[in-house]
Amino acid sequence: MSCFGKWRTCLNQPNSPGSPGRADEAFRQLAWFIRLRWLAIAGVLATLPAAWYLLRLRFDPMPLLAVTAGVVAANVFFRVRLRRTSTAERLTGLARTQIVIDLIALVLLLYFAGGIENPFSFYFVFHTAIAAFIFPESGSLVIATLAFGLYTAMVLLDWTGVIARFPLTGLYAVSPYQSLGPVLANIIVFGSTLYIVRYFTAAISRRLSRRTNQLAQANRKLLEADRNRVQSVITVTHELRSPAAAAASLLEVVERVSPDERPALIDRARQRINGLLRLIGDLLDLHQLELGTTNVETAPVPVAEVVEAAAAEYAALARERGVSVRVELPADLPPAQASARYLEFTVRNLLANAIQYNRPGGSVTVSARQSEGFVEVEVADTGMGIPERDLPHVFDIFFRGDEAKKTDRLAPGLGLSLVKRLVETQGGTVRVESEAGKGSRFFFTVPIAGKPEPA
Amino acid sequence: MTTKGKRILIVDDDADFITATRAVLAGAGYEVEACTKAAEASARIREFRPDLLVLDVMMETGSAGFDVSYQVRKDPHYAKTPILMVTAIHQTTPLRFSPETDGEFLPVEKFLDKPVPADVLLREVAHLLESAE
């Protein structure tokens, strides 16, 4: 009946319900049970002569051999059934049947060799542990209770003489069956051992499967991120290719047009190439920020001056679009601990978007306030707004809403993802509030100068 | 050549491609019109009655050019109008479209990658117009 080793090997085969390959896992577990049962049968057949000749114990070997033959038959049956079972549910059912059969076989072996006198009753711990490992929920409680019930019934019936006794002579000077005390103590310790083993094993099993699920989930996320990265490389390639192809097309036709048309074509080609260079520069910045290879050097920067300069710079674009720009800054706005270059890029980018994606007659308001160690700048527009489904993605690299694409198809959608990284590199945060059709409000924060650097 | 004076409509949201393509085709004697929005393409086709379409793939959406080509084929008047599709995409649209494998299932006569050299563009346009007659 040697099932020793089951428990340890079990720990190396964590059971993870719901994970792909669950049926495979169950199949492997059952095949392993069947191999272990052959070992147990060999153990019984080795124990009988050892007990008889070495320990000089006396018992009736025939019923023990009969039970062992029954286990052999059951194991052959299980082997055949296993080959024909494939679904995880059926395999779990088969596992349950096997554990119950094993319990019954063990009770019978004990009964035919002394009952309570037989120390192999310890082996019920293995069944309980394995059941708790495979069925960490209520299934193992049923198995532990069944084991306890079968054993208790066997001991009580044996003790009261309701069933015939098969004594094991030579082990104890006085059989524990002689008085009530040892019988009750045996049953109580036996039962509590099973339930405690069940509790600990189930707890370990649950923890292991939780860990396994977490790892599987982390792995899925990594795979997805990897796919997104590949998709992003393809998108980047396309975004780089478009302006290069446009410039090449323009230069291709320079010699085919009249001399006075040439400068315009060459100028357009130059602009597309400059756009391409800007895009390459932004991409480089973005990826360096992501790698964390650029160490940002911050210094006190007057936020108000940066905002005013950006507003002046975009006044012409705003006029062209029929958009009015208001700057509302408190007089006592403190300077920010920031990179002037990053801050300028951020303000200009948000302002340009607010003008670009606005409606004629609309307005843009840039305001700022001081809050909890940070300067918060807000850029509010009365433009097309951002649909709710797009809001979580506006800061994603190359993300562009459908409405934004209609307004300006050629912008690659890098600006806001750069803004987010630049702001975060300086220790601030960005967020957006928007209602489709009514306008958007972008907020970002930068630490106030003169405070200790935020961790 | 019998193809000169034929009408060609360019549908592309990149103004610079329109400028370049128009210069090549108009210089070769074709009558050229352009339209920058796929959504307006159908109306412009009815108005201008082109003999050939030069169509970009990615416009308002990643596959707007395909939508236009299907619309054109559904209209009995233009079902046989040759379509030359020019694209900078090559497998990067949301459709995972590839000219090599999907070409047969799309109702267009020819695919060319941007930028299209002027002589290739003229050769393909002339060839398509001749075979359409």
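Below, chains carry the letters A, B, ... as their sequence lines are ordered, and counting in each starts from 1.
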*Could you tell me which non-hydrogen atom of B:K114 sits nearest to which non-hydrogen atom of A:R241, and how far apart they are?*
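Heavy atoms of B:K114 and A:R241 come nearest at O-NH2, 3.2 Å.
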*State, to 0.1 Å, how close B:L122 and A:R256 come at their nearest heavy-atom pair, and which atoms those are.*
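For B:L122 and A:R256, the tightest heavy-atom pair comes out as CD1-NH1, 3.7 Å.
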*Stepwise side-chain contact (heavy atoms from CB on, under 4.5 Å) test for B:D16 and A:R272*: CA-CA 9 Å; B:D16 292 331; A:R272 294 303 290 264; 2.9 Å; yes
*Measuring heavy-atom distances to chain B, does A:L250 have an atom under 4.5 Å in its side chain, in its backbone, in both, or in neither?*
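Both parts, heavy atoms under 4.5 Å.
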For [X], look at atom [atom1] and say whether over 12 heavy atoms of other residues, nucleotides or ligands are found less than 6.0 Å away.
{"X": "A:E388", "atom1": "CD", "answer": "no"}
{"X": "A:R341", "atom1": "CZ", "answer": "no"}
{"X": "A:E255", "atom1": "CD", "answer": "no"}

_Does any part of the side chain of A:E252, heavy atoms only, come nearer than 4.5 Å to the side chain of B:P115, both counted from C-beta?_
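Answer no - side chains too far apart.
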*Taking every heavy-atom pair that is under 4.5 Å apart, which of B:G27, B:A118, B:A26, B:A23 has the most such pairs with chain A?*
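It is B:A118.
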*Quick one: pull up OG in A:S249 and CD1 in B:I18 and give me the separation to the nearest 0.5 Å.*
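Going from the OG atom of A:S249 to the CD1 atom of B:I18 covers 12.0 Å.
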